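Single-structure report; data block below.
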Amino acid sequence: MANLFMAIAEEMGATLQSTASSVNIKERLDFSCAVFDADGNLVANAPHMPVHLGSMGDCVASIIARYGTAMVEATCLRATRPTMRNSSA
């Protein structure tokens, strides 16, 4: 099962890279993609730019705190604001 979630994270990154207009994303691969469970625990991450992974957990916690009651099964959210890495965002 872990390989499935890793493949999903890698495919997210491949899609992001192929559709991006930003040089930072398209050429420098300056992004990270990961899959988290409903409690905000990391399930799998793709090996794009691992430096981002340190703040991803805080970002996911912030999203859950902000939108948790509105999320239902299979909800997919993306974060593009660096300030969402803490609960005061």
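Just so you know, residue 1 is the first one in the sequence shown, and it goes up from there. This one's a predicted model, so the numbers in the text were calculated from it and none came from an experiment. Heavy atoms only: backbone and side chains are in, while hydrogens, waters and symmetry mates are out.
With hydrogens and angles disregarded, a donor-acceptor distance shorter than 3.5 Å links the side chain of Asp37 to the backbone of Asp39. Remark: the backbone N or O of Lys26 is paired with a side-chain donor or acceptor of Gln17 at under 3.5 angstrom. Ser62 contributes no side-chain N or O that, together with a main-chain N or O of Asp58, makes up a donor-acceptor pair within less than 3.5 Å.
Annotation: side chain of Ile64 is in contact with side chain of Met71 (closest heavy-atom distance under 4.5 Å). Put simply, the side chain of Leu16 reaches to within 4.5 Å of the side chain of Ile25, judged on heavy atoms.
Contact detail for Val60 and Gly40: the closest heavy-atom pair is CG1-CA, 3.7 Å. Summarising the geometry of Met6 relative to Ala44, their closest heavy-atom pair is N-CB, 3.6 Å, with the distance given to 0.1 Å. The shortest heavy-atom contact between Phe36 and Ala34 is CE1-CB, 3.6 Å.
For CG of Asn3, the number of neighbouring non-hydrogen atoms (other residues, nucleotides, ligands) closer than 6.0 Å is 12 at most.
Taken from CG in Leu42 to CZ in Phe5, the straight-line distance is 11.5 Å, to the nearest 0.5 Å. Distance check, rounded to the nearest 0.5 Å: OG1 of Thr15 to CD of Glu10 gives 12.0 Å. Interatomic distance, Cys33 SG to Asn45 CG, rounded to the nearest 0.5 Å: 10.0 Å.
Under a hydrophobic clustering in which Ile, Leu, Val, Met, Phe, Trp and Tyr are joined whenever their side-chain heavy atoms come within less than 4.5 Å, directly or via other members, Leu29 and Val23 fall into different clusters.
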